[in-house]
Amino acid sequence: MISLIFITIGILFNLLGCIGIIRLPDTYNRLQAATKCVTLGCCSILLGVVFHFGFSDAGTKVLVAIPILFFASTVGAHALIRGTYHFGIKLGNKSVKDDYKDALK
Amino acid sequence: MSNYLNILLYIQIGISVVCMYRIIRGPTIPDRMVGADIFGILVVGICAIISIQTERSFILDIGIAWIILSFIGTLTLAKYLTGKKLNE
Amino acid sequence: MKGMTLIVKKTTQLIGGMIFMYGIYVVAHGHLTPGGGFAGGVIIAGSFILITLAYGDDFLKLVGEKAGTTMVESFATIMVILIATSGFLFGTRIFFNNFLPKGVVGHLVSAGVLPLYNIFVGTEVAASIFIIFLSLIIFKEESSK
Amino acid sequence: MNPLIPLFVVTPLVGAFLIMITGRFIKESDKYLTSFVLLFLVFISFYSLLTTGENLSVYKVGGWEPINKVPIGIYMVMDGFTSIFVCIINLIGFLSAFYSSSYIKRYTAGNYFYALFCLMIAGMNGVVLSGDLFNIFVFLEISVISSYALVAFGVEKNELEASFKYQVLGGLASFLILFGIGFIYWKTKTLNIADIKEVFNAGYDKSYYLFVQILILSGFGLKAAIIPFHAWLPDAHSSAPSPISAMLSGVLIKAVGIYVIIRLFFNMFAVSEGMAILITTLGTLSMVIGVFLAIGQWDIKRLLAYHSISQMGYVVLSVGIGMTLVSRGANQEVASLAIAGGIFHLINHAAFKGLLFLNAGAIEYTIGTRDLKEMGGLAKSMPVTSATSFIASMSISGIPPFNGFFSKLIIIIAAIMAKFYLLAALAVIVSIITLASFLKFQRYAFYSKSDVMKNPQIKEVPFPMVFSMVILSIICVLLSLLAIPDIRDAILTPAVNILTDPIKYSSIIIGQ
Amino acid sequence: MRYITMFILSLIFWLLLTFDLTVPNIIVGTVSSIICSLFFGRFFITNVYKLLQPRRYFWFVIYLFVFIWECIKANLDVAYRVLHPAMPIRPGIVKVKTTLKSDLAKMLLANSITMTPGTISVDIIDDNLYIHWIYIRSEDPEIYTGMITGAFEKYIKRIIE
Amino acid sequence: MIAYIMCFILFLVGLYGVITRRNLVKIAVSLSIMEISTFLFFALIGYIDGGIAPIVDPADPAKTYVDPLPQALILTAIVIGLATTAMLMAVIIRLYRKYGTFDIREIKKLRG
């Protein structure tokens, strides 16, 4: 039962991330929404799986999977956003500040 | 219980299909890559739910392998985006 | 500064070992779960690719150059063929004969020679995928000179 | 259980990977190792040719015995037809490898060359020996992928482009074959050729069966370069290094194309008249169009490549005639004669086309060009090359004492006896045009006067190349002995019997 | 020393993954851990002795709770911005100076920042973190540095340095 | 049944790409699409309604499994496909270095 609650929460977060990736205007903001929501959502689903299987071989396997998922998604987001900036995509027209431009010179 | 899980599974699959929209539509290359990255993470969720549904734990193995390969793919594409060589 | 940013470098330190161990897990449990030599080999090669991406060619100097990978690959293939031939020598003159005791279904040490095949196929696949990656990278570097 | 059978695959595989290791430590060990491995293979293949005869020996990999007469393991089969092929592959392979030991000095990375060569040999032996559809596919891909790499071995513009074309069309063919295998597996739930035959005998759906046959024929036809699918062959065969051209043209298109077509259409599918007439038509088309495309060529190797298409047309034509007769159920002797003529011509073609490509390689090695207009008068400075190439030219165009004459004669006689008068006439005309084309080749390359012959630098090629060419020309002459009825009965008749008998192959394999 | 740390960590990872305490499994795990430490040990953590101090683990647990709380806040924040019809975003890249010294700490800080309300770290150059912020609340460097790094920096300092 | 038709359509899409595209890399991608449609077809013919993945569970071996043979065949075919694709990409990269373009209309030295 408790696993179902976790999974439901996770899917709600995933849904939010999905709406974000469709609605937001430029690449940077899409990455913002998507990474956070989807990572937390999937971690939550995996936690639900841990509670479902209990302390067994499957449960510990999922416990191992959570840090891998966490690091993979955050580092992936970081590398992607840096790559996007170097690729030459401009910040959206709503943006107000850009300190990184100076640092690259 | 299993009915409810089924509904959740369909919602999750629907979310990843919507992600496909960004991969196909995305106006620039980085947009498509963001879509692919997010899609890779969502698949792990699908694997987890299926493993509960069928009570077979080896599907989790597939999920972990998927996230690892997706991570390597994302890093490689990000490396390509920065446009630098291996040793820069 | 070679390679990618500090964040990527430090995280690959943490996660590279994990990926390597996971690949070995997939190879070693190949006769019990889905996966086996090919899938595990791809994951092991993935860990090397990850480190190479993050650190530039520092890692290559540790493992040896491209030539070394070719050697590993050839050696592993010869080992696979030799295991096949060992059935010919010890068993009843049949290639691919499973002459070791079979054990109990579901244990780690079971299924005769299948785990040995898995291990060497895994080594072979890891080496060859890594060599494909290196070749494509070196092609790219040479062409942009 | 004949323990020799798997050695045909295992030895070259071990050799290939040993070369990669020893080639790095011991210099020039690669060529000796390759020659040694292939010499060993030649010995055991001739041994098995002599001992096989009418027998059929089966090897079950892994020792899996059939359950309820349903085969579950991987089977390797050695019969009369197979043993002939194994002999051709290993003999031409050995001579080409020995020839390369001096030819390949122009290129760097010799050990890669020899490793790929051994892999190609292993793949072809595997295709010929396996009695299982999917293993045919796997070994076919092994040999074909190594040939992709070997075609591109020179990494110049021509080679790369030819290799690209070859790979795209070869990939297409592979997927057609895989689709065909999938359709067969869907209906029969088995992959063993003999077992599929048994299942088909119990009854099948006509249109489905036709669809599968078309898929398989177009897939292997692409690999064999029968005429509507021939686009890749001239480029690939002319761009590869010369020993590889000899292997590709002399052996590879036969082993992975013609052999599988003959084997599957006789021993797996029930022989049907419509399909037989289609195959005969394709053979005739390739025979005629190939030779007409060859006339206008001035590049030696392209000329030889187009002649390969034409000569393969002869083989397919005569096998098609035999198939038609078998399906009609009449005139079994004529059918046997036609098929025997086809197989005979196939063996001959391996010998003389291999020799011609080796000659072309020798000419290119000496004067550095492949254009007929730029050479001439080489007969004085290169006597051995000239003599061997004369023998090969006379063989391919069917001049009496040489082997090509007898096989063409058998094909034409069979066509006349089967009342295909038009096809017989076409075969004669094509033979005459071939003669004309090769007279042009002889005249421009060896006898006409030109500036090249005044160059004192030109002399005979080194010993390994001469050795291979001389041996092949002796074989060219000796092969005409196969026309004598006693020898033909000993070698060709078992192969023909296993093909024309509708149930022998499957019943023996299932029975064991 | 580094190699031994790597060995122990990978053995723990292996045991968690297989969840099987039979003898063959442990032997396979040991052998593969040795191989793993030979390959990857060179790149691993430098100051090993810090792993032996228990209070660091205590702070790590507290840090985890803080972190999860921040994560949930981040998600609700994003949810608000995404679902609001007008989409109140004000994005930009800001520069933040950190006081952390070691590389591992910087990495942990950057990853934490990535998971907190509306921020993703773009790059690290020396001591400066460049951060993409979805809604810039203030233009003053002092204030926004506190907003972004303040929650984590002190814990990370206690854990690692 | 619709799945079979879909995978045949996928095959035709790949064939269309191989015939009409002018870019070397796109030809390679189209070949990969054809390859994958073939694998999909193999996976479909092994499917049994209500069957589960063919991993034997020691606790409860009597279940309905799907046919494992096509899956083994696909694994082999995937490895072969990997080799083919790597070879093709290597040749394409070499061609790009020689000609400086991916356009097939400009890479036309050989004729006939």
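The shown structure was predicted, so the numbers you read here are calculated from the model rather than taken from an experiment. Residue numbering restarts at 1 for every chain, and letters A, B, ... go by the order of the sequence lines.
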Checklist line | Option that, when pairs with chain A are counted at under 4.5 Å, heavy atom only, ranks first among B:Leu60, B:Leu75, B:Ile29 | finding: B:Leu60
Notebook entry, point to check: With a 4.5 angstrom heavy-atom cut-off, which part of A:Val62 approaches chain B: side chain, backbone, both or neither?
Noted result: side chain
Notebook entry, point to check: In terms of heavy-atom proximity below 4.5 Å to chain B, should A:Leu46 be classed as side chain, backbone, both, or neither?
Noted result: side chain
Next item on the list: Please answer whether the main-chain N or O of A:Ile22 pairs with a side-chain N or O of B:Arg22 as donor and acceptor at a distance below 3.5 Å.
Entry: yes
Margin query: Angle between ring planes, A:Phe6 versus A:Phe51, binned at 30° and 60°: parallel, tilted or perpendicular?
Written below: parallel
Item checked: Proximal component of B:Asp31, with respect to chain A [non-hydrogen, under 4.5 Å] -> both
Item checked: A:Ser44 (side chain) donor-acceptor with A:Leu40 (main chain) under 3.5 angstrom -> no
Notebook entry, point to check: Which bit of B:Leu42 comes within less than 4.5 Å of chain A, counting heavy atoms only: side chain, backbone, both or neither?
Noted result: both
Next item on the list: Using modelled atom types only, decide if a donor and an acceptor are shared between the side chain of B:Trp66 and the backbone of B:Gly40 within a distance under 3.5 Å.
Entry: yes
Margin query: Just so I understand: if I count every heavy-atom pair under 4.5 Å between each of A:Ile11, A:Ile19, A:Thr84, A:Leu69 and chain B, which residue has the most?
Written below: A:Ile11
Check: Among B:Ile41, B:Ile46, B:Ile38, B:Val43, which one satisfies side chain to side chain contact (heavy atoms under 4.5 Å, CB included) with B:Ser16?
Finding: B:Ile46
Next item on the list: Can you tell which part of B:Ile15 gets under 4.5 Å to a heavy atom of chain A, answering side chain, backbone, both or neither?
Entry: both
Margin query: Within the 4.5 Å heavy-atom criterion, are A:Arg82 and A:Phe87 side-chain neighbours or not?
Written below: no
Notebook entry, point to check: Top residue by heavy-atom pair count (under 4.5 Å) with chain A, among B:Leu77, B:Val18, B:Ile72?
Noted result: B:Val18
Note to self: Quick check: closest heavy atoms across B:Ile67 and A:Ala72, and the distance to 0.1 Å?
What the structure shows: CG1-CB, 4.3 Å
Next item on the list: Could you look at B:Leu8 and say if it's the side chain, the backbone, both or neither that has a heavy atom under 4.5 Å from chain A?
Entry: both
Next item on the list: Please flag which part of B:Ser51 lies under 4.5 Å from any non-hydrogen atom of chain A: side chain, backbone, both or neither.
Entry: both
